[in-house]
Number of protein chains: 2
Amino acid sequence: MTSPSERGRMPSIRDVARLAEVSHQTVSRVLNDHPSIRPETKARVLDAIAVLDYRPNLAARALVTSKSQTLGVLSATIGEFGPTSSIAAIEEAARAEGYSVTTLNLTSTSPEDIGSAVRQLGREHVDGIVVLAPQVRVFHVLRGMASTVPFVTLQSASGADEIGLSADQMAGARLITEHLIALGRTEILHLAGPQDWIEAESRMRGYLDALREADLPTFPPIRGDWTADFGHFAGQELARRPDFTAVFAANDLMAIGLMHGFRDAGLRVPEDVSVVGFDDIPVAAHVAPPLTTVHQDFSELGRRAVALLLAQIRGEVAPSFGALAPVLRIRESAVSR
Amino acid sequence: MTSPSERGRMPSIRDVARLAEVSHQTVSRVLNDHPSIRPETKARVLDAIAVLDYRPNLAARALVTSKSQTLGVLSATIGEFGPTSSIAAIEEAARAEGYSVTTLNLTSTSPEDIGSAVRQLGREHVDGIVVLAPQVRVFHVLRGMASTVPFVTLQSASGADEIGLSADQMAGARLITEHLIALGRTEILHLAGPQDWIEAESRMRGYLDALREADLPTFPPIRGDWTADFGHFAGQELARRPDFTAVFAANDLMAIGLMHGFRDAGLRVPEDVSVVGFDDIPVAAHVAPPLTTVHQDFSELGRRAVALLLAQIRGEVAPSFGALAPVLRIRESAVSR
DNA sequence: TTGTAGGCGTTATCAT
DNA sequence: ATGATAACGCCTACAA
């Protein structure tokens, strides 16, 4: 005489119902804490649930509700510190709200690939998507897709009318450029990020604004690819025409590579050239010389993204976050103390 | 006269069946390419699928098959370069095989938390789990769980009888320690990773083995926490008792912090002290001096993990991978050229 | 407050 | 080779 639940199958809502001597519907009500249910009955049901170690089948629930309690993360950034920290925070915040997270890494940012990635996430019935794909093209594709799935983007220009969420990149870039100016540097170069990257544009804009405001000459920015290797290369090249006294690199990795290149060429940092970066990655404080940079709170960004997305999903009013204030981390790479 | 599929609902297998003038069962057969089906019929079905832009409902499929085509990634490492690269590779490999990936970050490694994380993944019906939780305790908990879900661990000692998959940490540690010895260093310290971390133990073991084999004195290892900040602190402390001529740090971050600490104390690297690390993170080549370290192929590790896990899930014979050979990256932090 | 009936979209089983 | 029918485990709607 074996009950179904003893035959290796996972206990279902009906097994619980039988044990608690109620209908399976009552069990369902307990599960979704429906208001009208007698405490006594509820207790019996909860008891049965505990006894059987019953867990609702998420697939069944997803099928009938067409909601999966799952958030998708669409990322087009490979293993960098910033996005990675944000993703970890997203995941934690989502779990805290009862959502699980599935990630999808974009290897290309062609409209087709983005489209198919979003569709794939749709197939998986994610309830919403967080996009960490800082290229403007991705942004455009997304807008045009009229996707049925709510989404939030993590990076964007700091323009007020954007959907996106981000630290105020432009303000940060301005801040650090002004710092260089305050130090008495007047020929300030910019080692920018790749074209098409929203953050690269914002940081460049902040840089240009600061220079213009100070009536300082601007130079055509060098286009980098975010990597330390490129920074290294650029440093060696730049050292041949030392018509500058400071460089603002669009991220820390390039700044560190840049310093390496300068070192190779016999240029001293900060004596001959000031170098500053952006992001404040964990090694920034420990390279030689310690890197002056702009600190970003990637984790907070991730948490906000989830809050915003969930509000959108639930149809609540979106919490309005002020822009995340970037903070200057002054160390020795801009000037010796 | 509106067909169901025109009323905003997603087209289902029955809509396809109606359009192709077959039973929904036949459509299902086409979907799962069942052998016995007339090519002509199949073509008609595929046509209808294309016309309706039909996509199978994954939740429904998961419900009936109790397989989700989803892999879980259980990670207990916060945003470090190595694990992150592996996770990206895992995700890519999994998608290539038609699996999606859901990640779960462990904030604590208490048995209860691990248990509930695994159960959570179980609730989500993952078909298998990749564990990147390099603490031995996690490993033990997992073994004891007799979980019904197949899993693979990414880190482990290099002992042959382990389930885990990893680069040969011990060999790498040995290799780099021998390199220090070959350079003529005889008083070699080890800045280790935290107790309880499998990799920390392996690297320490490799270090000890190399020293013993060379009849060199060993010192009690300093226990670090993997961070550059700790390395920095340790460097300042160690500089007060300079009874050593080389330090092998268990990872690059600590090595970089260490060099910073030495610099603060006026100790020159590599002239006074050689410093080497482990991992070959992207900045390793660009710090001053460039860091001699052991390169690990994190991506390959991730791919192998997926291959192994899928074989286990499908009941195929597991591909037997040889240990991933670690490779020495000789730069200037151990000795000046 | 509780129960009954029906359906979500798919695959499995047994017919034909 | 194809079709009818019955699950899978849950929720929503309505009835009692």
Side-chain angles (χ1 to χ4, degrees), chain A residues 3-5 7-46 48-49 52-70 98 122-125 127, chain B residues 3-5 7-46 48-49 52-70 98 122-125 127:
Chain A
S3 86
S5 64
R7 287 209 310 268
R9 228 192 53 218
M10 292 296 289
S12 88
I13 201 171
R14 288 166 205 279
D15 299 317
V16 176
R18 198 171 312 124
L19 185 59
E21 301 183 293
V22 295
S23 81
H24 66 103
Q25 199 33 240
T26 302
V27 177
S28 173
R29 291 198 179 95
V30 172
L31 254 31
N32 304 299
D33 33 41
H34 189 92
S36 51
I37 196 157
R38 203 177 339 138
E40 180 194 313
T41 315
K42 181 169 183 173
R44 258 210 334 280
V45 170
L46 288 176
I49 288 179
L52 296 177
D53 191 32
Y54 161 81
R55 325 240 165 202
N57 181 320
L58 264 29
R61 188 175 280 177
L63 175 58
V64 65
T65 61
S66 50
K67 268 148 187 25
S68 62
Q69 292 289 107
T70 297
R123 277 166 51 91
E124 294 173 29
H125 286 102
D127 297 336
Chain B
S3 85
S5 64
R7 288 208 312 268
R9 228 193 53 219
M10 292 297 289
S12 88
I13 201 172
R14 288 165 206 279
D15 299 316
V16 176
R18 199 170 312 126
L19 185 59
E21 301 183 293
V22 295
S23 80
H24 72 271
Q25 196 37 238
T26 302
V27 177
S28 173
R29 291 199 179 94
V30 172
L31 255 30
N32 303 297
D33 33 43
H34 189 92
S36 50
I37 195 156
R38 207 181 332 142
E40 181 193 311
T41 314
K42 180 169 184 174
R44 258 208 337 278
V45 170
L46 288 176
I49 288 178
L52 296 177
D53 190 33
Y54 161 82
R55 325 240 164 202
N57 181 321
L58 264 29
R61 188 175 279 178
L63 175 58
V64 65
T65 61
S66 50
K67 267 144 188 25
S68 62
Q69 292 289 106
T70 297
R123 276 166 51 92
E124 294 173 29
H125 284 103
D127 297 337

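Just so it is clear, the values below take in all heavy atoms, side chains as well, and ignore hydrogens, waters and symmetry mates.
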### Task
Using a 4.0 Å heavy-atom cut-off across all strands, classify Ser66(A) as base, sugar-phosphate, or nothing.
nothing
### Message
Using a heavy-atom cut-off of 4.0 Å across all strands, would you classify Ile37(A) as base, sugar-phosphate, or nothing?
### Response
sugar-phosphate
### Message
Using the side-chain heavy atoms of Ser23(B), tell me which of these nucleotides is nearest: dG3(D), dC10(D), dT10(C).
### Response
dG3(D)
### Query
For Thr26(B) and Val64(B), take the nucleotide of DNA chain D holding the closest heavy atom to each; which residue's nucleotide lies nearer the 5' end?
Thr26(B)
### Message
From C-beta outward on Tyr54(B), which listed nucleotide comes closest to its side chain: dA1(D), dT10(C), dC10(D)?
### Response
dT10(C)
### Task
Taking Asn57(B) for its side chain and Ala59(B) for its backbone only, find out whether a donor-acceptor pair lies under 3.5 Å.
yes
### Position toward the 5' end of DNA chain D (nearest nucleotide), Val22(B) or Leu63(B)
Val22(B)
### Query
Side chain of Asn57(B): nearest nucleotide among dT12(D), dT10(C), dG9(D)?
dT10(C)
## Note on the structure
Among dC10(D), dA13(D), dG3(D), the one nearest any side-chain atom of Arg61(A) is dC10(D)
### Task
Please determine, for the side chain of Arg29(A), which listed nucleotide (dG9(D), dT5(D), dG3(C)) has the closest atom?
dG3(C)
### Task
Could you check which of dC10(D), dT4(C), dT13(C) has an atom nearest any side-chain atom of Ser12(A)?
dC10(D)
### Message
Without decimals, in angstroms, what is the distance between His24(B) NE2 and dT5(D) C1'?
### Response
8 Å
### Message
Strictly distance-based, threshold 3.5 Å: is any side-chain N or O of Arg44(B) a donor or acceptor partner for the main-chain N or O of Ala20(B)?
### Response
yes
### Query
Shortest non-hydrogen contact from Leu31(B) to Tyr54(B)?
CD2-OH, 3.6 Å
### Query
Closest to the Arg38(B) side chain: dT11(C), dA1(D), dA5(C)?
dA1(D)
### Summary
Here the pair of heavy atoms bringing Asp53(B) nearest to Pro11(B) is O-CG, 4.3 Å
## Note on the structure
Ile13(B) CD1 to dA4(D) C1', in whole Å, measures 14 Å
### Task
Please report, rounded to the nearest Å, how far the C1' atom of dC8(D) is from the CG atom of Leu58(A).
15 Å
### Query
Between atom CD in Glu124(A) and atom P in dT10(C), what is the gap in whole Å?
16 Å
### Message
Using 0.5 Å steps for rounding, measure from the OG atom of Ser23(B) to the CZ atom of Arg29(B).
### Response
6.5 Å
### Task
Whole angstrom is fine here: how far is it from CG in Leu31(B) over to P in dA12(C)?
12 Å
### Query
To the nearest angstrom, how far is His125(B) atom NE2 from dC8(D) atom C1'?
11 Å
### Query
Atom CE of Met10(A) to atom C1' of dG9(D): distance rounded to whole Å?
12 Å
#### Entry: Protein-nucleotide distance (His34(A), atom NE2; dC14(D), atom C1'), rounded to Å
13 Å
### Query
Hey, is the side chain of Thr41(B) poking within less than 4.0 Å of OP1 or OP2 on dT2(D), counting only N and O atoms?
yes
